[in-house]
Amino acid sequence: MSAPPIWAQLVYLVAAVCFVLALKGLSSPRTARRGNLIGAAGAALATVTVLVSGDLDHLLPIGIALVVGVALGALGAYRVQMTQMPQLVALFNGVGGGAAAIVALVELNEIATTGGSSTFQLIATAFTIVIGSVSFTGSIVTFLKLQELMTTRPVTFAGYPILYGLALLSAIGFGVFLALFPTMVAGIALAVIGAGVGVLLVLPVGGADVPIVISLLNAFTGLSVAASGYVLDNPLLLVAGTLVGAAGTLLTKLMATAMGRSLGSTLFGALKGGSTLGGGEASDRPVKATGPADVAILLAYASRVIIVPGYGLAVAQAQHTLRQLVDLLTERGVVVDYAIHPVAGRMPGHMNVLLAEAQVPYGQLREADDVDPEFRNADVALVVGANDVVNPAAETTPGAPIYGMPILHAIQARQVVFLKRSMRPGFAGIENELLHEPHTTLLFGDAKDTLAKVLAEVKAL
């Protein structure tokens, strides 16, 4: 494929700058919306430039594909619930990896027909096919796990490590073969093997570790897109893919650190006989239950309250009611902060976005390391739909799925109030001993409903 004209390359440079500025903007909740719009503008600019500058055949099917893609993207963006955002990210990421693999296969067909390619270009083609395929099927499996369309428990069977190893060796072998003998048969075989590796990569992962794998697969997609940029002689794809690959790699490392585990134990722990998910059974041990009126009194007459939001808050769509309660408490002179754990919403930033949607002031959103020491001075720790991020088992129970994960020490507050639907454990599937502490009380029910009742009781005081 011939290189794009100079003016198009300059426009691509502008689009690449937009992508860099978008990443910078996405680093903070205050600038995330602007960063997202800048990134979208860069992508639109690049797409238009490709259509205008290239001598493209088959414009009709290209136009149809664009219309269908835009319609599906817009429909998904408007209809998806905030609780389903991780699943949507997984799907979009998988589509990106699959698209890169398909483009590489199309290029391989041209190479096989006309010849004249360099060895390095063939290596890049093989890399794009296999990594894009891994990202595609791996992302589909993460979607199925998060959507609970399949078990969230690690899936292994006898001989799994051997099959996994053979699949990896086959991928390397067919990649080398394709670089030496570029044929479509080798390319399709490599894509099928890569797809199998993607499935085998994610199946052993369970529980709260799934978001880490989403981030890793995002990095894979970025690398495949960068490689396809070399294959297509397109510098913008090379820049954009490198940015995504680097950002995804850093995010994966940060998430693994936040979970207190290595990437190797996340991906291969179940294969060694461990597990990344507990039993998942509801506890029948007695706990101290309470009612909305008692919780209202605790909160209204406290001096310091720290709220720990979790995925249950998102499921109940209770963020607006929670903000109203916090506003009322603040008017009464209560100092209130939100303690945001990096993986509280199954993805980094998920909880920040959820609360920002309810117009919670950014100053009240405190990062875990910053706010954690203040629990010992808090009158009440209000845990809304969270479980694993305050579970002492992360520090006290070696062998537990979350052991070693940094947690929020809500246990140090004078009083701990849990808002829970039931006694079922969190996403990691293990019991939380904090629920049975003498200073812990539980308010059962849908978080939106129970918070509304607490809000009414506080207004009545």
Side-chain angles (χ1 to χ4, degrees), residues 28-33 82 288-341 344-345 349-386 389-390 408-421 439-461:
S28 169
R30 296 180 182 276
T31 57
R33 184 184 296 272
M82 190 59 66
K288 185 165 56 177
T290 188
D294 293 330
V295 174
I297 292 172
L298 275 177
L299 295 174
Y301 294 102
S303 298
R304 183 80 169 88
V305 173
I306 299 179
I307 297 172
V308 182
Y311 186 70
L313 172 72
V315 171
Q317 288 291 292
Q319 63 271 26
H320 297 280
T321 308
L322 180 60
R323 180 191 59 80
Q324 295 174 29
L325 175 61
V326 171
D327 289 346
L328 184 58
L329 293 175
T330 303
E331 291 174 5
R332 295 177 64 96
V334 182
V335 178
V336 184
D337 284 313
Y338 296 82
I340 309 298
H341 192 278
H350 190 194
M351 195 54 57
N352 299 71
V353 173
L354 186 80
L355 294 171
E357 181 187 39
Q359 298 182 341
V360 173
Y362 293 126
Q364 291 181 348
L365 304 180
R366 306 280 299 281
E367 296 299 325
D369 292 340
D370 178 37
V371 74
D372 190 56
E374 299 181 21
F375 277 104
R376 63 176 62 96
N377 299 319
D379 297 301
V380 182
L382 181 63
V383 185
V384 186
V389 298
V390 294
L408 292 163
H409 292 86
I411 193 173
Q412 296 178 353
R414 296 182 181 89
Q415 293 288 329
V416 180
V417 178
F418 268 85
L419 269 60
K420 287 179 65 69
R421 282 181 177 270
H439 65 307
T440 298
T441 55
L442 279 74
L443 178 58
F444 289 105
D446 177 82
K448 186 175 183 180
D449 179 56
T450 52
L451 282 171
K453 293 177 180 177
V454 172
L455 176 62
E457 293 289 347
V458 172
K459 289 179 177 178
L461 293 175

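Here the structure is a predicted model, which means the values were calculated and not measured. Atoms considered below: every heavy atom in the structure, side chains included; atoms not considered: hydrogens, waters and symmetry mates.
Salt-bridge annotation for Arg414 and Asp379: present, with a side-chain N of the basic residue lying under 4.0 Å from a carboxylate O of the acidic one.
In this structure, Val335 and Ser303 have side chains that are not in contact, with every pair of non-hydrogen atoms separated by 4.5 Å or more. For the pair Val308 and Phe375, the minimum side-chain heavy-atom distance is below 4.5 Å.
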Decide side-chain contact (heavy atoms from CB on, under 4.5 Å) for Leu328 and Lys459; before the verdict, give the C-alpha distance in whole Å, the side-chain angles of both, and the deciding distance to 0.1 Å.
-> CA-CA 8 Å; Leu328 184 58; Lys459 289 179 177 178; 3.5 Å; yes
Step-by-step side-chain contact (heavy atoms from CB on, under 4.5 Å) determination, Leu355 to Gln364 | CA-CA 10 Å; Leu355 294 171; Gln364 291 181 348; over 6 Å; no
Could you check Glu367 against Asp369 for side-chain contact (heavy atoms from CB on, under 4.5 Å), going step by step and ending with a plain yes or no?
-> CA-CA 6 Å; Glu367 296 299 325; Asp369 292 340; 5.7 Å; no
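Closest approach of Thr321 to Ala452, counting heavy atoms only: CG2-N, 3.6 Å. Summarising the geometry of Val416 relative to Ala410, their closest heavy-atom pair is CG2-O, 3.3 Å, with the distance given to 0.1 Å. Nearest approach of Gly310 to Met351, heavy atoms of both residues: O-CE, 3.3 Å. What you find for Val371 and Ala339 is that their closest heavy atoms are CG1-CB, 3.4 Å. Heavy atoms only, all atoms of each residue included: Leu299 and Val334 are closest at O-CG2, 3.7 Å. For the residue pair Ala386 and Val389, the shortest heavy atom distance occurs at CB-CG2, 3.9 Å.
Within a 6.0 Å radius of CG in Asp327, more than 12 heavy atoms belonging to other residues, nucleotides or ligands are found.
Cation-pi contact between Arg323 and Tyr338: absent, since separation from the ring centre below 6.0 Å together with deviation from the ring axis within 45° is not met.
Note: Asp372 CG to Arg366 CZ = 10.5 Å, rounded to the nearest 0.5 Å. Note that CD of Glu457 is 11.5 Å distant from CG of Leu325, once rounded to the nearest 0.5 Å. Leu408 contributes atom CG, which lies 5.5 Å from atom NE2 of His341 (distance to the nearest 0.5 angstrom). Arg304 contributes atom CZ, which lies 12.5 Å from atom CZ of Arg376 (distance to the nearest 0.5 angstrom). Atom CD1 in Ile411 sits 7.0 Å away from atom OG1 in Thr440 (nearest 0.5 Å). Here Leu442 contributes atom CG and Thr450 contributes atom OG1; the two are 11.0 Å apart, rounded to the nearest 0.5 Å.
Between the side chain of Asp337 and the backbone N or O of Ile306 there is no donor-acceptor pair closer than 3.5 Å.
Residue Leu443 is tested with Leu451, Asp294, Leu382, Val454 for a side chain to side chain contact (heavy atoms under 4.5 Å, CB included); the sole match is Val454.
Thr441 meets the side-chain contact (heavy atoms from CB on, under 4.5 Å) test with Lys288, Thr290, Val417; sequence neighbours excluded.
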